[in-house]
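Fair warning: this is a prediction, and the values are worked out from it, not measured in the lab. Worth knowing before you read on, the calculation uses all heavy atoms, side chains too, and leaves out hydrogens, waters and symmetry mates.
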Amino acid sequence: MKFLVAKVLLVMFVIGGASCGEDIPDCPNKLCVLAGGWKLVEVYVDGVKDTSTDISKYRLTLFTPQPTTAVSSNYDRTHPSGRQEQGTWLLKNLDEVLVLEPYSSPQEEYIIKYFSPRELRLVINRDVSKTGPEEIEYVLEPF
């Protein structure tokens, strides 16, 4: 009986492994790892969760660079207001800073505080001589 159970489990692992064996393209840089669709799920202003703004419409789609060795790619973004924009994105400072370059406004730089396939945390540190918050942290998840 133990032999039969072991044999069944072995067959399940072999079949399971074969079904997950899709071709994954080579990814020579972090751009293609970050590429994908991200939705905004939380915002922290100076360490305090902001619940005053409806962020449910915010989406950021970072397109995979073509070719994968490219140093930048395009993006689409929908703001919480529903306004849409396009631009290019890239990474700098040893892949620690995400730069969004909208076609219609100045570039934006976000420090990548944390990244995993399930979460992306971006931070903006503002000039302390200006009025307003010093730090804004955005928590995004894939959609």
Side-chain angles (χ1 to χ4, degrees), residues 4-143:
L4 179 62
V5 171
K7 200 172 192 180
V8 169
L9 287 174
L10 179 62
V11 169
M12 287 175 56
F13 284 123
V14 170
I15 292 172
S19 67
C20 294
E22 64 186 75
D23 288 335
I24 298 173
D26 289 338
C27 186
N29 60 43
K30 194 171 181 178
L31 278 132
C32 50
V33 175
L34 277 175
W38 297 94
K39 65 181 176 181
L40 187 60
V41 294
E42 293 177 329
V43 176
Y44 293 88
V45 178
D46 290 332
V48 178
K49 186 175 179 176
D50 179 12
T51 58
S52 64
T53 304
D54 178 11
I55 57 174
S56 63
K57 293 180 184 175
Y58 186 96
R59 299 287 186 271
L60 176 63
T61 303
L62 303 172
F63 293 103
T64 303
Q66 296 298 325
T68 57
T69 55
V71 295
S72 68
S73 189
N74 295 325
Y75 77 86
D76 287 338
R77 177 166 54 177
T78 302
H79 291 272
S81 66
R83 181 177 65 86
Q84 296 183 346
E85 72 176 22
Q86 291 79 39
T88 58
W89 70 284
L90 58 103
L91 297 172
K92 69 178 202 179
N93 293 358
L94 301 171
D95 297 339
E96 293 179 2
V97 175
L98 170 67
V99 180
L100 298 180
E101 297 176 335
Y103 295 140
S104 59
S105 59
Q107 82 174 22
E108 305 164 15
E109 293 189 5
Y110 299 89
I111 297 168
I112 300 172
K113 181 177 179 179
Y114 176 79
F115 169 72
S116 78
R118 297 198 176 271
E119 184 177 87
L120 174 60
R121 288 182 176 253
L122 302 174
V123 172
I124 294 179
N125 290 314
R126 299 190 62 231
D127 185 347
V128 294
S129 65
K130 296 181 180 180
T131 59
E134 293 180 23
E135 180 184 276
I136 303 171
E137 181 175 345
Y138 301 96
V139 181
L140 299 103
E141 294 178 350
F143 68 85

- request: Can you see which heavy atom on Pro65 is nearest to which on Ser72, and at what distance?
  value: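 Taking Pro65 first and Ser72 second, the nearest heavy atoms are CB-O, 3.8 Å.
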- prompt: Which pair of heavy atoms, one from Glu109 and one from Val97, lies closest together, and at what distance?
  reply: CB-CG1, 4.0 Å
Do [X] and [Y] come close enough that some side-chain heavy atom pair is under 4.5 Å?
| X | Y | result |
| --- | --- | --- |
| Leu98 | Leu91 | yes |
| Leu34 | Ile112 | yes |
| Leu60 | Trp89 | no |

For the [atom1] atom of [X] and the [atom2] atom of [Y], what is their distance to the nearest 0.5 Å?
| X | Y | atom1 | atom2 | value |
| --- | --- | --- | --- | --- |
| Leu90 | Asp95 | CG | CG | 10.0 Å |
| Leu120 | Tyr110 | CG | OH | 11.0 Å |
| Glu101 | Asn74 | CD | CG | 11.0 Å |
| Asp50 | Ile55 | CG | CD1 | 8.0 Å |

- request: Please confirm whether the backbone N or O of Phe63 pairs with a side-chain atom of Ser73, one donor and one acceptor, at under 3.5 Å?
  value: yes
query: Within the distance-only criterion (no hydrogens, no angle test), does the side chain of Ser116 pair as donor or acceptor with the backbone N or O of Arg118 below 3.5 angstrom?
result: yes
query: Could you walk me through whether Val41 and Tyr58 pass the side chain to side chain contact (heavy atoms under 4.5 Å, CB included) check?
result: CA-CA 9 Å; Val41 294; Tyr58 186 96; over 6 Å; no
Which atom pairs, one a donor and one an acceptor, fall under 3.5 Å between side chains of residues 131-143 and the rest of the protein, sequence neighbours left out?
| from | atom 1 | to | atom 2 | distance (Å) |
| --- | --- | --- | --- | --- |
| Glu137 | OE1 | Lys113 | NZ | 3.0 |
| Glu137 | OE2 | Arg121 | NH1 | 2.6 |

- request: For Thr78 and Leu40, run side chain to side chain contact (heavy atoms under 4.5 Å, CB included): C-alpha distance rounded to whole Å, both residues' side-chain angles, the deciding distance at 0.1 Å, then the answer.
  value: CA-CA 10 Å; Thr78 302; Leu40 187 60; over 6 Å; no
query: Any salt bridge (Lys or Arg N to Asp or Glu O under 4.0 Å) pairs touching residues 54-77, not counting sequence neighbours?
result: Arg77-Glu85, Arg77-Glu108
- request: Scan for salt bridge (Lys or Arg N to Asp or Glu O under 4.0 Å) pairs involving residues 32-43, sequence neighbours excluded, and state none if there are none.
  value: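 Only Glu42-Lys49 qualify under salt bridge (Lys or Arg N to Asp or Glu O under 4.0 Å).
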